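Worksheet for the structure shown next.
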Amino acid sequence: MADAITPRSEDYSQWYHDVVRHARLADYSPVRGCMIVRPNGYALWENMQAGLDGMFKATGHRNAYFPIFIPQSFLAREAAHVEGFAKECAVVTHSRLKVGDDGTLDVDPESKLEENLIVRPTSETIVWDTYSKWIQSWRDLPILLNQWNNVVRWEMRTRLFLRTMEFLWQEGHTAHATRDEAMEETLRILDIYATFAEDWMAMPVIKGVKSAAERFAGADETFCIEALMQDGKALQSGTSHFLGQNFARAFNCQFQNRDNELEYVWATSWGVSTRLIGALVMVHSDDRGLVLPPKLAPTQAVIVPIYRSDEDRVAVLEAASVVESKLRASGIRVELDAREGFRPGWKFTEHEVQGVPVRLAIGPRDVANRTVELARRDGGEKQSVPVDGIVASVQEALDSVQFGLFEKALAHREANTTSVDSYDDLRGVLDDKGGFVRMHWDGTSETEARIKDETKATIRCIPLEGYEEDGVDPVSGRPSRGRVLYARAY
RNA sequence: CGGGGUGUAGCGCAGCCCGGUUAGCGCGCCUGCUUUGGGAGCAGGAGGUCGCGAGUUCGAAUCUCGCCACCCCGACCA
């Protein structure tokens with residue numbers, strides 16, 4: 001742990017990697033492209049799950065579970081969907097191994113499956129096959145389900161949390177009687193994602209619509225939240241899809257409406273993944289390690305006792321555990337780090353690397369003065385606060401860190417969002433400054449593809465707010481209805 | 001799949017070009033003592049199929065051939 005974290009200015013992606021490893025969020029696995037989520041990382045995920053799950057439930061959704069294996073033929077049912085996912089599916093072809101005479105292990109050719117199974121890259125197909133059996137009448141609608149699970153997409157290049165072959169996520173799948181209702185649901189979830197990102201993760205996001213090229217395979221419309229990382233690259237942090245009747249048609253899912261007519265069901269699907277952990281790291285952390293927003297931090301406050309003699313030790317631990325009890329009773333996630341054999345300075349650094357928002361140190365001097373030393377992870381000065389008001393002091397510090405992180409990230413995004421009116425300026429800003437670039441777009445895939453090809457930047461989204469403005473696409477010279485957000489992205 | 005690189009202790013590396021005692025170093029780990037208000041010091045100790053397989057040689061981590069794995073850069077992507 002003593003080895004240093006590469007500074008952001010030197011090598012941003014190495015820095016990201018160092019922070020993830022030093023904070024013990026994840027490890028590489030023996031299988032290329034997969035990761036082992038360590039307790040620190042998983043605790044973060046559990047807190048994210050808790051926050052999101054509460055919001056899903058509050059809007060009428062229920063959790064369910066669909067199987068990890070999907071018949072290969074299902075994937076082929078929806079044309080755009082198969083096109084989008086066929087190239088990255090893990091396929092199960094056999095059901096057993098055979099131990100040879102020499103002890104070697106091999107696939108038993110006798111066990112070949114009648115039909116291949118694919119490991120789900122997402123579950124639309126199996127969900128809609130199921131919904132087609134559940135839905136007959138308008139009275140069966142809507143269906144509002146979510147599932148927390150893992151999916152596999154056989155990626156070429158991977159990075160811990162940001163892109164792994166297997167990842168954890170939630171996928172919501174809803175079925176509706178009308179187009180409007182499905183669209184309303186799509187946007188409701190988008191709002192939940194944006195609220196979660198901003199209020200819990202302290203990460204400002206732009207809500208928008210994807211261009212046709214960036215749309216989910218099988219969707220009529222993909223909505224997204226886009227965030228800006230510290231290095232000026234964008235990260236798609238959540239998507240909510242209006243699927244129209246595409247999957248209902250593919251799986252023959254019809255219902256009888258109030259007028260006794262058969263209609264295809266309207267669908268949505270939506271998801272956020274452990275990629276959010278990567279976003280959290282890239283938005284807030286610094287050269288000393290992880291920085292976590294208090295609302296998601298597994299440990300919100302850590303107490304480090306400091307002592308020399310045995311008498312001091314007894315008195316300090318006594319005082320520390322009183323503080324611990326008070327904080328815990330008030331609902332703060334607190335940890336008393338009373339481990340022997342680690343010096344205080346070592347503990348300070350360790351908790352700092354792991355992003356604990358507030359650190360309290362208690363030594364003999366504090367015991368004598370009935371005070372505690374309080375230090376904020378986001379860089380504020382250390383201060384001495386009285387034990388008597390410790391709950392209020394810590395709560396205030398936590399609130400202040402949560403707010404401060406959001407404000408800082410927002411200021412960074414504002415400072416790195418640039419409006420341009422020429423292709424040269426777009427290139428210039430992308431190369432020299434990075435960030436989001438607002439520019440007019442004629443709405444064609446040709447223009448978008450040309451820009452992507454020549455600059456590596458993509459249209460991150462057509463923002464839902466502040467988009468409309470008549471103008472001219474500087475690349476094609478054709479008229480434009482508004483400015484879209486260009487950026488290089490993860 | 002194309003281009004480049006690396007495989008030696010848990011991690012990071014040296015040694016290889018020019019073959020030759022018992023394969024080293026830093027960090028980490030174990031034991032003991034001293035320490036403890038920002039990653040402690042000293043002493044002792046454990047830990048190795050040198051990626052795998054052939055070959056050359058009296059002798060291979062080192063030379064030759066083959067294979068494998070991983071990393072970086074590109075095309076694909078939540």
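What you are looking at is a predicted structure, and each value in this text was computed from that prediction instead of being measured. Residue numbers begin at 1 in each chain, while the letters A, B, ... track the order of the sequences.
Qualifying side-chain contact (heavy atoms from CB on, under 4.5 Å) partners for A:R153, counting only residues two or more places apart in sequence or in other chains: A:F85, A:E88, A:P121, A:T122, A:E155, A:F167, A:W169. Here A:K57 pairs with A:D53 under the salt bridge (charged side-chain N to carboxylate O under 4.0 Å, His left out) rule; sequence neighbours left out. Partners of A:D337 under the salt bridge (charged side-chain N to carboxylate O under 4.0 Å, His left out) rule, at least two apart in sequence or in another chain, are A:R339, A:K347.
Atom CG of A:D11 and atom C1' of B:rC71 are 14 Å apart (whole Å). In this structure, the CZ atom of A:R21 is 15 Å from the P atom of B:rG10, given to the nearest Å. Atom C1' of nucleotide B:rC76 and atom CZ of A:R159 are separated by 16 Å, given to the nearest angstrom. Taking atom NE2 on A:H22 and atom C1' on B:rG39, their separation rounds to 12 Å, with Å as the unit. Summarising the geometry, the separation between CD1 on A:I5 and P on B:rG39 is reported as 16 Å, rounded to the nearest angstrom. Residue A:W154 contributes atom CH2, which lies 14 Å from atom P of B:rC1 at whole-angstrom precision. For A:Q14 and B:rC71, the CD to P distance is 13 Å, given to the nearest whole Å. The CZ-P distance, from A:R24 to B:rG28, rounds to 13 Å in whole Å.
Distance noted for atom P between B:rG47 and B:rC25: 15 Å (whole Å). The gap from the C1' atom of B:rU21 to that of B:rG12 amounts to 28 Å, rounded to the nearest Å. To the nearest whole angstrom, the two C1' atoms, one in B:rA46 and one in B:rC29, are 8 Å apart. When the P atom is used for both B:rG45 and B:rG26, the distance is 14 Å, rounded to whole Å. Nucleotides B:rU34 and B:rG24, compared at atom P, are 33 Å apart to the nearest Å. Nucleotides B:rC67 and B:rG3 have their P atoms positioned 15 Å apart, rounded to a whole Å. With both ends at atom C1', the span from B:rG15 to B:rC33 equals 36 Å, rounded to whole Å. Rounded to whole Å, the separation between the C1' atoms of B:rA9 and B:rG51 comes to 15 Å.
Pairs engaging residues 268-285 of chain A under the salt bridge (Lys or Arg N to Asp or Glu O under 4.0 Å) rule: none recorded [sequence neighbours left out]. The list of salt bridge (Lys or Arg N to Asp or Glu O under 4.0 Å) pairs with a residue in residues 306-323 of chain A, not counting sequence neighbours, reads A:R313-A:E340. Note on residues 222-239 of chain A: pairs passing salt bridge (Lys or Arg N to Asp or Glu O under 4.0 Å), not counting sequence neighbours, are A:K210-A:E226, A:E226-A:R460. The salt bridge (Lys or Arg N to Asp or Glu O under 4.0 Å) contacts involving residues 280-289 of chain A comprise A:R8-A:D287, A:D286-A:R377, A:R288-A:E352, where partners must be two or more places apart or lie in separate chains.
A:H81 and A:E83 form no side-chain donor-acceptor contact under 3.5 Å, judged by distance and modelled atom types alone. Side-chain contact check for A:E78 and A:T125: no donor-acceptor pair (N or O, by modelled atom type) lies under 3.5 Å. Judged purely by distance below 3.5 Å, without hydrogens or angles, the side chains of A:T93 and A:N116 never pair a donor atom with an acceptor atom.
A salt bridge is absent between A:K456 and A:D431: the closest approach of a Lys/Arg side-chain nitrogen to an acidic carboxylate oxygen does not fall below 4.0 angstrom. Using a 4.0 Å cut-off between charged side-chain N and carboxylate O, A:D388 and A:R370 make a salt bridge. With respect to A:E373 and A:R365, no salt bridge is recorded, no charged nitrogen being found less than 4.0 Å from a carboxylate O.
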Which nucleotides of RNA chain B pair, in dot-bracket form (Watson-Crick or G-U under 3.5 Å, | meaning another strand): (((((((..((((......[...)))).((((((.....)))))).....(((((..]....))))))))))))....
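A:S13 comes within 4.0 angstrom of no nucleic acid atom, judged by non-hydrogen atoms across all strands.
Aromatic ring centres of A:H17 and A:F161: separated by at least 6.0 Å.
Near-neighbour residues of RNA chain B inside residues 272-285 of chain A, defined by a heavy atom below 4.0 Å, number-ordered: A:S273, A:R275. Of the residues in residues 214-243 of chain A, A:Q236 come within less than 4.0 Å of RNA chain B through at least one heavy atom, sorted by number.
Checking the phosphate oxygens (OP1, OP2) of B:rA75, a side-chain nitrogen or oxygen of A:K456 falls inside 4.0 Å.
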Throw together a table of side-chain donor-acceptor distances under 3.5 angstrom for residues 188-196 of chain A, partners on residues two or more places apart or in other chains.
from	atom 1	to	atom 2	distance (Å)
A:R188	NH1	A:E185	OE1	2.8
A:R188	NH2	A:E184	OE2	3.3
A:D191	OD1	A:K207	NZ	2.6
A:Y193	OH	A:Q170	OE1	2.6
A:Y193	OH	A:G271	N	3.0
A:T195	OG1	A:D191	O	2.8

Base-contact (B) and sugar-phosphate-only (S) positions in nucleotides 32-38 of chain B, heavy-atom cut-off under 4.0 Å, - elsewhere: ---BBBB
